[in-house]
Amino acid sequence: MGIGTLNENPLHAALKQWYADPDDRLEAPLHGYVIDIVRQDLLIEIQTGGFSPIARKLLTLLSTHRVRLVHPIAQNKWILKLSEDDETISRRKSPKRGRIHDIFAPLTAIPHLLLHPRFELEVLLIDVEEIQRFDGKRGWRRKGWIVHERRLLAVNEEHRIDTPEASAQLLPPDLPVPFTTADLASHLQIHRRLAQQMAYCLRKMERIEIAGKSGNALCYTPSNK
């Protein structure tokens with residue numbers, strides 16, 4: 001078993017193997033951390049969860065190297081429920097479909113890093129299978145079912161976001177100016193909460209700025225910076 005693989009989940013392991021080139025070094029130690037993939041002078045970190053736990057690690061690595069953060073978003077998800085004996089109870093496709101704009105939810109933890117010249121973000125839209133097992137004690141929020149693991153089925157798309165301008169390109173072209181997060185949610189057909197997270201990130205990246213209020217809602221315009 002290699003360095004850093006003891007607690008590695010199947011999705012993370014599968015993405016690392018999918019992403020790695022033959023000449024890459026995997027699980028290499030640097031600055032007191034274990035790096036998922038080292039590709040010459042580029043450090044590649046794969047993060048399947050939120051970004052807050054690795055914010056300090058990314059800042060440390062950026063002091064000496066280029067860093068690429070890779071994050072998967074489940075474009076399509078199948079939910080597999082297993083019995084205690086590993087027999088399939090049901091398998092269904094979730095009606096929820098992930099999209100590139102979902103990246104702004106975890107990005108609220110580190111939006112300022114896209115201002116760093118050595119940082120870049122890569123979003124993978126994937127198909128995933130979520131394995132659920134019944135646990136009456138721990139799974140009360142999901143009627144007894146808990147997520148046991150997630151498995152990679154396919155990588156459908158790759159999106160590189162290496163500058164604040166690249167993030168701003170995810171704004172809809174027909175958005176009014178000025179606009180509110182309600183306008184943003186309506187034009188993108190996303191939840192208002194995600195539109196607010198998107199606006200927060202773009203403000204921290206200096207791509208939009210507050211231009212007043214419409215009732216109780218903040219209005220935004222593209223930044224001149």
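Just so it is clear, the values below take in all heavy atoms, side chains as well, and ignore hydrogens, waters and symmetry mates.
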Inset, instruction - Could you identify which residues cluster with I131, counting Ile, Leu, Val, Met, Phe, Trp and Tyr as linked when any side-chain heavy atoms lie under 4.5 Å apart, either directly or through a chain of such contacts? - result: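 Its cluster mates, by chain and number, are L80, L82.
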Inset, instruction - Could you work out the complete set of other residues in the hydrophobic cluster of I79, with links drawn between I, L, V, M, F, W and Y side chains under 4.5 Å apart? - result: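 None; I79 is a cluster of one.
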Inset, instruction - Check the side chains of Q47 and E45 for a donor-acceptor pair under 3.5 angstrom, ignoring hydrogens and angles. - result: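 Absent: no donor and acceptor within the cut-off.
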Qualifying salt bridge (charged side-chain N to carboxylate O under 4.0 Å, His left out) pairs with a residue from [range], counting only residues at least two apart or across chains:
range	value
residues 103-119	none
residues 89-103	R91-E129
residues 177-203	none

Non-neighbouring partners of [X] that pass side-chain contact (heavy atoms from CB on, under 4.5 Å), sequence neighbours left out:
X	result
I44	Y19, I37, R39, L42, R68, V70
S90	K81
S83	D85, E87, I89
P172	D174, L175, L184, H187, L188

Legend entry - Listed partners of H101 passing ring pair (Phe, Tyr, Trp, His ring centres under 6.0 Å), at least two apart: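 Ring pair (Phe, Tyr, Trp, His ring centres under 6.0 Å) check on H101 returns nothing, list empty.
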Legend entry - Residues forming a ring pair (Phe, Tyr, Trp, His ring centres under 6.0 Å) with F51, sequence neighbours excluded: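 Counting only residues at least two positions away or on another chain, F51 forms a ring pair (Phe, Tyr, Trp, His ring centres under 6.0 Å) with H71.
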Legend entry - Flag, side chain of D21 to backbone of D23, donor-acceptor distance under 3.5 Å: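 Judged by distance alone, no pair lies under 3.5 Å.
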Legend entry - E130 and R150 ion-paired at < 4.0 Å: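 Judged by the 4.0 Å cut-off on N to carboxylate O distance, E130 and R150 do not form a salt bridge.
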Legend entry - Shared hydrophobic cluster, I103 / L15 (ILVMFWY, side-chain heavy atoms < 4.5 Å):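 Different clusters: I103 never reaches L15 through Ile, Leu, Val, Met, Phe, Trp or Tyr contacts under 4.5 Å.
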Legend entry - Pairs where residues 202-224 contributes a residue and the test ring-ring contact (aromatic ring centres under 6.0 Å, His included) is met, not counting sequence neighbours: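 Output for this query lists F179-Y220.
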